[in-house]
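A short write-up of the structure that comes next.
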2 protein chains.
Amino acid sequence: MSPNDGTVAGTGEFRLIEAVTAGRKQPETTLLGPGDDAAVVATPDGRTVATTDVLVQGVHFRLDWSSAEQVGRKAVAVNLTDIAAMGARPTSVLVGFACPPDTETSVVTELTQGMWIEAERAGIGIVGGDMVRADQIVISVTALGDLGGREPVKRSGARPGDVVAVCGRLGWAAAGLAVLGRGFRSPVSVVNAQRCPEPDYEAGLRAADGGATAMIDVSDGLLSDLGHIATASDVGIDIRTADLDVSSRLTEVGTALGADPLKWVLTGGEDHAFAATFPAFADLPEGWTEIGVVTMPDSGVTVDGKKYGHHGGWEHWR
Amino acid sequence: MSPNDGTVAGTGEFRLIEAVTAGRKQPETTLLGPGDDAAVVATPDGRTVATTDVLVQGVHFRLDWSSAEQVGRKAVAVNLTDIAAMGARPTSVLVGFACPPDTETSVVTELTQGMWIEAERAGIGIVGGDMVRADQIVISVTALGDLGGREPVKRSGARPGDVVAVCGRLGWAAAGLAVLGRGFRSPVSVVNAQRCPEPDYEAGLRAADGGATAMIDVSDGLLSDLGHIATASDVGIDIRTADLDVSSRLTEVGTALGADPLKWVLTGGEDHAFAATFPAFADLPEGWTEIGVVTMPDSGVTVDGKKYGHHGGWEHWR
């Protein structure tokens, strides 16, 4: 028997895997869950949608800013929004998890608890994973989804004249990050938006069914991510600030911190809202708001017809 | 413009992603490759087989023992064997990659080159990924596969009286590790077996088509992995050493290092051979060799009818 000193080294890999998987409910799409060489997931469409995102402690999250449960929820959520942004329904995730031997076992079980909470919220299964040793906590999540007969909504389908629309809050996570960065813990609403997005995974399906021509998950920032659509579609995009929802809560926080709330809305990342383009005059799906128009290729991404300073967006290793 | 000093920080995330994905060939199963929110992979069976494994520098590989290309090949191979061990054909991988900002760009491009080499060898696509900053190199690979109408071959289907068979070399990677651990670089054949397995991915398909009742990828060591089958199937397993292939090369290395080559064959990990059980009197598929028999539950995993010391097998954080 090994000593159980409350660390993962004391608990041991196999007992820890048992602790984080045993007794969990799986949805019907999980045909074979964790415990074998590989999982088996139903993808009746015959096409599997797949994406992966890696979260590193100290880079993507801080356990003094977020609870382990919030980090776990977020690690799953940020991947599921990428599936939803293709117009697919998420079915499952696999989790690669690395941590130092002296990591408290409770951190791992709380992280995993957060993953299961978000999985249940989305109706998906955690179907497989790997737990290994490393110098810092690294969480690698791969999400799978099913298209249910829809065509995938790519970034490349926007056409001049299409309308640009968003679904979900923008700027809140950036405001929360600014608050946390100044050493504050409130207002809780913006801080929690940074700690853990609560995406509406159905928004992507509604957009696909509503004829979206291009779609993206707003993870880097609205202008940056619309820039990805503009580049992939070879179009320009103009945003009308009058149509953006700059919440009074963001204005309050901006005033308190001496920051421009519109900048958070335009360039803040991590909200995991959705942005999409739709044919002109289309009826937008429930929850979607028109904020701009697709323009000609040479104009790039503009705000009220003009270039907007630095687009923001996150690039690693810089 | 940023300085290009030969590190990933100088190259920048977006240019690096471009460098490691541009111009690569994808198989027909890749319906949508890297560059969008998610990839789309053909899985005509309607069931997706999925697995994930994380490799950490200093834990799973050392760049002074292996070339970056070998590490890249291995990172893909060890995942594909898990897919093949279910009786599925690998279709694709997604790669989560973390490294320090001062990592040489050439290390990343060589790692990726190795991944593409193994992908081409297996006929699969590298369909997506994520590149982030961390304190050490962490490679998280998720592999997907298609069952092609077969039932997944689980660990739990072995029945008393079944024969136990293996396909692929055993003990070579452990011998290579022993050689490297003593500071030697030869014999190259065993050292390269440790650096980069060359699995026969078709072996799993042949076993499934040949009626395998249970199957596993031998990654932890033969006895340890057969132990997983024994536990999952609630059976015992007895191995006959006379039927094991202890190559003369392993005997030579064992003599030189004062080690028992049979121990490498029985307990050495990382060979990524396959072990499976088949109904008694079945004709074994091409390349498969009978090495033992499935016994009653209470007997555990034995060698020539007796317990074999410590089973070996790798457990993390110990």
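In what follows, chains carry the letters A, B, and so on, assigned in the order in which the sequence lines appear, proteins first and then strands, with residues in each chain numbered from 1. Worth saying up front: this structure is predicted, and the values here are computed from it rather than measured.
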Query raised in the report: Do the charged groups of B:D36 and A:K154 touch, with an N to O distance under 4.0 Å?
Result: no
Query raised in the report: So, does A:D82 use its side chain to make a donor-acceptor pair with the main chain of B:A38 at under 3.5 Å?
Result: no
Query raised in the report: Considering all heavy atoms of both residues, which atom of B:V54 and which atom of A:D130 are nearest to each other, and what is their separation?
Result: N-OD2, 2.7 Å
Report summary line: Of all heavy-atom pairs linking B:R133 and A:V56, the shortest is O-CG2, 3.5 Å
Query raised in the report: Going from CG on B:L32 to CZ on A:R155, what distance comes out if it is rounded to the nearest 0.5 angstrom?
Result: 10.0 Å
Report task. Check whether any side-chain heavy atom of B:H60 lies under 4.5 Å from a side-chain heavy atom of A:V132, and answer yes or no. Result -> yes
**Report entry** Engaged part of A:D217 at the chain B interface, taking heavy atoms whose separation is under 4.5 Å
**Finding:** both
Query raised in the report: OG of A:S140 to CG of B:L94: how many Å apart, nearest 0.5 Å?
Result: 9.5 Å
Query raised in the report: Hey, which of B:G96, B:A50, B:A42, B:G145 has the most heavy atom pairs under 4.5 Å with chain A?
Result: B:A50
Query raised in the report: What part of A:L31 lies closer than 4.5 angstrom to a heavy atom of chain B: side chain, backbone, both or neither?
Result: side chain
Requested in this report: Of all the heavy-atom pairs spanning A:I216 and B:D37, show the shortest one and how long it is.
Outcome: CA-OD2, 3.1 Å
Report summary line: Of B:D146, B:I83, B:D135, the largest count of non-hydrogen pairs under 4.5 angstrom with chain A goes to B:D135
**Report entry** Side-chain donor/acceptor of A:Q136 to backbone N/O of B:A134, under 3.5 Å
**Finding:** no
**Report entry** Heavy-atom proximity to chain B below 4.5 Å, by part of A:A39
**Finding:** both
Query raised in the report: Where on B:A85 is there a heavy atom nearer than 4.5 Å to chain A: the side chain, the backbone, both, or neither?
Result: both
Report summary line: Checked A:T81, A:T142, A:T29, A:D45 vs chain B; the most non-hydrogen pairs under 4.5 Å come from A:T142
Report summary line: In terms of heavy-atom contacts, A:V49 and B:V40 come closest through CG2-CG2, 4.2 Å
Query raised in the report: Under a 4.5 Å heavy-atom cut-off, does chain B meet the side chain of A:L55, its backbone, both or neither?
Result: neither
Query raised in the report: At a heavy-atom separation under 4.5 Å, does A:V95 approach chain B through its side chain, its backbone, both, or neither?
Result: backbone
**Report entry** Exercise: identify the closest heavy-atom pair between B:T48 and A:L144
**Finding:** CG2-CD1, 4.4 Å
Requested in this report: Identify which of B:P152, B:G129, B:G128 forms the greatest number of heavy-atom pairs closer than 4.5 Å to chain A.
Outcome: B:G129
